[in-house]
Amino acid sequence: MIDFHCHLDLFENPEQLAERCEEARVYVLSVTTTPKAWRKTMTLGRNRRFIRTALGLHPQLAHERFRELPLFEALLSETRYVGEIGLDGSPAYRGHADIQRKVFERALAASREHGRRIFSIHSRGAAEAVIVALRQHGSGDTAVLHWFSGTPKELQAAVAAGCWFSVGPAMLRSENGRSLVAGMPRDRVLTETDGPFAKRGRHPLTPFDVRHAIVELARLWSVAEHDADAQLNSNLKELLSRVPAPHPPQHPV
Ligand code: MN
């Protein structure tokens with residue numbers, strides 16, 4: 001199973017959860033929201049094969065944390081994964097559009113200067129602007145749009161830009177979410193939870209809840225669950241093959 005967007009460091013007991021995921025061989029992309037959080041969060045992946053850590057600067061924090069951009073750039077050589085970054089055009093954050101854009105653009109530009117990176121991207125209320133920026137930076141084909149909630153037309157533009165998508169149980173529960181997922185190329189879909197922010201009832205989703213997403217995807221694709229799972233694993237392999245691990249590798253073989 002794959003949880004390609006999880007805030008492991010924001011759970012009550014991250015170390016224990018990371019160990020459980022490792023033992024169960026659940027692949028987790030552990031995203032961060034600020035460069036300052038990276039150093040500590042990446043220790044969750046130390047000596048673990050299945051926990052990978054992404055360097056992020058969340059668009060909802062861009063206006064407060066933009067001074068951490070130099071730190072972001074300094075840490076970039078240590079990881080193959082960048083996220084959570086992106087733009088947020090929802091009413092509460094629309095006012096910070098300029099600084100969000102600056103942060104996002106610099107993160108993309110710096111990632112390209114360091115070779116390529118795999119991205120986990122937030123695009124709520126800003127799908128079009130995100131896709132334009134990804135295109136401009138030649139980063140569409142290694143960008144995973146997490147919990148995509150744009151219009152069908154924006155989805156088409158994202159697909160045309162080569163983007164990937166990570167979808168979770170919460171998205172697959174809604175009619176609108178399911179119809180977007182149905183329009184995504186099957187070979188560019190990964191699973192995620194966005195835990196602990198995303199919840200089932202009052203319980204934060206953990207990487208183990210990805211199984212609910214696999215069940216729903218199998219239904220949508222009209223395939224057996226193990227075939228959906230195999231498809232997702234092969235997708236991840238393909239994505240990872242596009243960006244070599246930086247040296248020294250974060251996870252020595
Ligand atoms: Mn998130």
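Order of appearance sets the numbers: ligands from 1, and atoms from 1 within every ligand.
- When NE2 of His7 and NE2 of His5 are joined through the Mn ion (ligand 1), the resulting angle is 100° to the nearest 10°.
- Nearest to the Mn ion (ligand 1), among the N, O or S atoms that Asp194 has, is OD1.
- A salt bridge links Glu73 with Arg106: the distance from a Lys NZ or Arg NE/NH1/NH2 to an Asp or Glu carboxylate oxygen falls below 4.0 Å.
- The pair Glu15-Arg48 meets the salt-bridge criterion, since a charged nitrogen lies less than 4.0 angstrom from a carboxylate oxygen.
- Legend: residues meeting salt bridge (Lys or Arg N to Asp or Glu O under 4.0 Å) with Arg173, ordered by chain and number and at least two apart, are absent.
- Nearest N/O/S atom of Glu84 with respect to the Mn ion (ligand 1) is recorded as OE1.
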Requested in this report: Report the C-alpha distance between Glu216 and Arg219 in whole Å, list the side-chain angles of each, state the deciding distance to 0.1 Å, and finish with yes or no for salt bridge (Lys or Arg N to Asp or Glu O under 4.0 Å).
Outcome: CA-CA 5 Å; Glu216 281 304 319; Arg219 199 171 295 166; 3.1 Å; yes
